Asker: 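Got a structure here, written out as structure tokens. Questions coming.
Just so we're clear, the structure is a prediction, and the values are computed from it rather than from any experiment.
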Amino acid sequence: MPTSRSKIDMVSDDIKIKPLQRQKVCVIGAGMAGLASARELRREGHDVTVLEQSGDVGGQWLYDPRVDGAELLGAAAAPVKVHGSMYASLRLISARENMGFTDFQFEPKDGRDGRRFPGHREVYLYLKDFCDAFGLMESVRLNTSVVCVAPAPGPTRQWTVRSVDLGNGKCDGAEKEEVFDAVVVANGHYSQPRLPSIPGMEAWRGRQVHSHSYREPEPFRGEVVVVVGCGESGKDIAMEVRRVAKEVHLVAKSMEEVTQGLAKVIAKHSASLHLQLHVERLCEDGRVVFGDGFTVLADTIIYCTGYSYSFPFLDTEGAVTVDDNRVGPLFEHVFPPSLAPSLSFVGIPIKVFAPWFFEAQAKWVAQVLSGKRTLPPEEEMMRSVEEYYCAREVAGAPKKYTHDVSLFDTTYIDEFGSKYCDFPGVEKWRYELLVSSFVNMLDNLETFRDEYEDSDTIRKGVEEWHLSAQQAQAAATKKQSLGLLEQVE
């Protein structure tokens with residue numbers, strides 16, 4: 001009489017029938033999304049190479065004082081020469097408690113910027129710590145510019161990656177060609193300036209720059225400056241430049257963008273900071289004409305009008321395109337149906353918990369490549385993408401906001417992790433902290449980063465967060481000590 005078989009036996013047989021696959025994977029970019037990808041791919045047993053054009057990891061969080069050029073065209077040509085768009089004074093608008101990897105919290109460290117909303121350097125140092133904790137640097141190749149990623153010839157789907165070593169001291173432009181089983185594109189999307197179309201831009205005699213090339217306010221001392229764009233960077237830069245400029249005119253698209261906090265700031269600094277609605281046209285003599293007919297003679301225009309997704313190195317023969325800032329088609333913002341799973345994108349969505357969401361995406365990619373998980377058929381993925389586009393159109397969302405996944409849409413963010421990689425959901429206290437910080441920013445634009453009140457729920461969550469981070473650090477230190485002891489013995 002045959003005996004019943006245990007689940008473990010059946011799982012073992014399944015693994016024998018479908019062995020996990022170890023792929024040779026190239027990750028493009030060593031920013032937050034690229035490092036999340038490298039860690040998850042390595043955990044899954046893949047052979048990982050990360051190509052990073054800068055001299056260190058960190059992506060946008062690696063501050064670069066250089067700029068593409070003083071003029072607009074120098075900042076707008078694709079691809080940009082300088083990847084970084086970080087300005088010197090930038091501080092987070094998201095609380096650090098909401099910005100850590102799931103198992104490596106962004107906890108304050110002695111001697112560093114311990115504020116809830118720290119400056120950009122603190123994020124860079126945190127990413128460096130993350131690399132060290134998980135040994136990622138052995139997979140990262142710095143000072144390496146990716147020139148071309150294209151399908152490799154042959155019967156199997158592989159990718160040819162051509163790159164140039166920027167740090168070899170030769171500057172001879174010699175290219176290196178390698179073949180990978182899969183490529184993960186994680187080069188970020190805050191480098192390529194997105195510009196408005198304003199009549200008279202080409203003939204206007206003043207200086208025009210994009211916020212991509214803004215670092216410090218000093219170059220605008222004594223000037224009349226127009227800041228176009230009322231997003232977070234536009235407000236930040238306008239408030240900073242106001243301190244040295246003769247006057248600053250901050251341009252909003254409509255009064256809907258004028259929050260109570262911004263209204264307070266404008267009222268407080270009314271002598272030097274002015275609100276304008278819409279730029280009608282630019283005149284060759286330096287005048288800027290606004291929607292209501294009001295005119296100023298300006299020295300400089302700073303366009304804080306966002307960024308475009310850009311993959312100048314990627315050759316998919318039209319399978320993946322960027323159309324009005326929609327990268328597509330992408331199944332769940334990650335896999336192009338016709339090229340999946342050998343090509344994937346991590347870090348495309350905006351307004352998500354980062355790097356939490358990037359971790360979830362990367363874990364999914366890593367498990368699909370190893371064979372732990374399977375994707376739907378190409379036709380089904382394509383149908384899902386088209387249904388998503390249709391739903392966005394019906395909802396009245398412009399195409400350029402295709403990848404705008406609101407932080408407040410908890411359903412999508414949590415369901416993604418649960419559905420594709422058994423990833424933990426975001427705790428309720430973190431959402432409450434998010435909402436609380438956002439509301440405080442709307443009401444108190446100048447002070448929200450330093451003056452806030454936590455509810456009992458948030459306080460309890462933060463206390464548990466600190467305790468969890470300390471315990472994890474103690475465990476990591478103990479593990480490291482044991483490892484050193486074994487080496488000595």
Side-chain angles (χ1 to χ4, degrees), residues 85-95 98 115-120 190 193-196 198 209-212 214-217 220 223-280 288-296 298-307 350-351 398 400-401 404 406-408 433-453:
S85 298
M86 192 74 61
Y87 45 96
S89 66
L90 184 138
R91 287 178 64 185
L92 299 183
I93 62 171
S94 297
N98 284 337
R115 295 173 295 180
R116 170 170 283 181
F117 301 90
H120 56 79
Y190 293 106
R194 184 177 176 88
L195 297 167
I198 301 174
V209 297
H210 190 274
S211 55
H212 167 67
Y214 175 84
R215 297 292 181 270
E216 296 178 329
F220 309 98
E223 293 188 350
V224 175
V225 180
V226 174
V227 177
V228 178
C230 208
E232 305 316 323
S233 62
K235 288 180 285 193
D236 252 9
I237 290 172
M239 288 191 294
E240 182 169 72
V241 171
R242 175 205 63 78
R243 299 172 189 163
V244 300
K246 180 179 179 181
E247 58 188 65
V248 173
H249 297 264
L250 177 61
V251 181
K253 286 185 290 188
S254 69
M255 286 302 295
E256 292 179 3
E257 292 187 325
V258 184
T259 63
Q260 180 178 335
L262 178 57
K264 288 179 183 177
V265 170
I266 291 171
K268 179 180 177 181
H269 304 293
S270 58
S272 57
L273 181 60
H274 311 280
L275 178 70
Q276 308 292 349
L277 295 178
H278 178 61
V279 177
E280 183 69 26
V288 178
V289 181
F290 300 104
D292 60 359
F294 181 73
T295 301
V296 297
D299 300 290
T300 297
I301 298 175
I302 304 176
Y303 294 101
C304 299
T305 47
Y307 297 86
I350 63 173
K351 296 186 180 178
K400 65 182 179 180
Y401 297 136
D404 186 335
S406 173
L407 278 170
F408 302 102
L433 174 57
L434 168 72
V435 174
S436 174
S437 301
F438 181 72
V439 170
N440 192 19
M441 179 177 68
L442 292 181
D443 292 341
N444 304 291
L445 184 59
E446 277 191 303
T447 61
F448 77 94
R449 293 182 178 92
D450 300 304
E451 298 176 9
Y452 44 82
E453 292 185 11

Asker: So how far is it from Leu273 CG to Met239 CE, rounded to the nearest 0.5 Å?
Answerer: 8.5 Å
Asker: To the nearest 0.5 Å, what is the distance between CE on Met441 and CZ on Phe117?
Answerer: 9.0 Å
Asker: Has Phe290 got more than 12 heavy atoms of other residues, nucleotides or ligands less than 6.0 Å from its CZ?
Answerer: yes
Asker: Under the salt bridge (Lys or Arg N to Asp or Glu O under 4.0 Å) rule, collect the residues that match up with Arg115, sequence neighbours excluded.
Answerer: Asp113
Asker: Using salt bridge (Lys or Arg N to Asp or Glu O under 4.0 Å) as the criterion, list what pairs up with Arg215, not counting sequence neighbours.
Answerer: none
Asker: Can you tell me which residue pairs pass the side-chain hydrogen bond (donor to acceptor under 3.5 Å, both in side chains) test with a partner in residues 244-256, sequence neighbours excluded?
Answerer: Glu247-His249, His249-Gln276
Asker: Can you list every salt bridge (charged side-chain N to carboxylate O under 4.0 Å, His left out) pair that touches residues 270-280, not counting sequence neighbours?
Answerer: none
Asker: If you define the side chain from C-beta out and look only at heavy atoms, does anything of Pro217 sit under 4.5 Å from Arg243?
Answerer: no
Asker: Filter on salt bridge (charged side-chain N to carboxylate O under 4.0 Å, His left out), then keep only pairs touching residues 439-450, sequence neighbours left out; what's left?
Answerer: Arg91-Asp450, Asp236-Arg449, Lys268-Glu446
Asker: Rounded to the nearest 0.5 Å, what separation is found between the CD1 atom of Ile237 and the CZ atom of Phe220?
Answerer: 8.5 Å
Asker: Is the closest side-chain heavy-atom distance between Leu433 and Arg116 below 4.5 Å?
Answerer: yes
Asker: Tell me whether Asn440 contacts the main-chain N or O of Glu451 through its side chain, where contact means a donor paired with an acceptor under 3.5 Å.
Answerer: yes
Asker: In residues 223-232, what donor-acceptor pairs under 3.5 Å come from side-chain atoms, sequence neighbours left out?
Answerer:
{"residue": "Glu223", "atom": "OE1", "partner": "Arg207", "partner atom": "NH2", "Å": "3.0"}
{"residue": "Glu223", "atom": "OE1", "partner": "Thr300", "partner atom": "OG1", "Å": "2.7"}
{"residue": "Glu223", "atom": "OE2", "partner": "Arg207", "partner atom": "NH2", "Å": "3.0"}

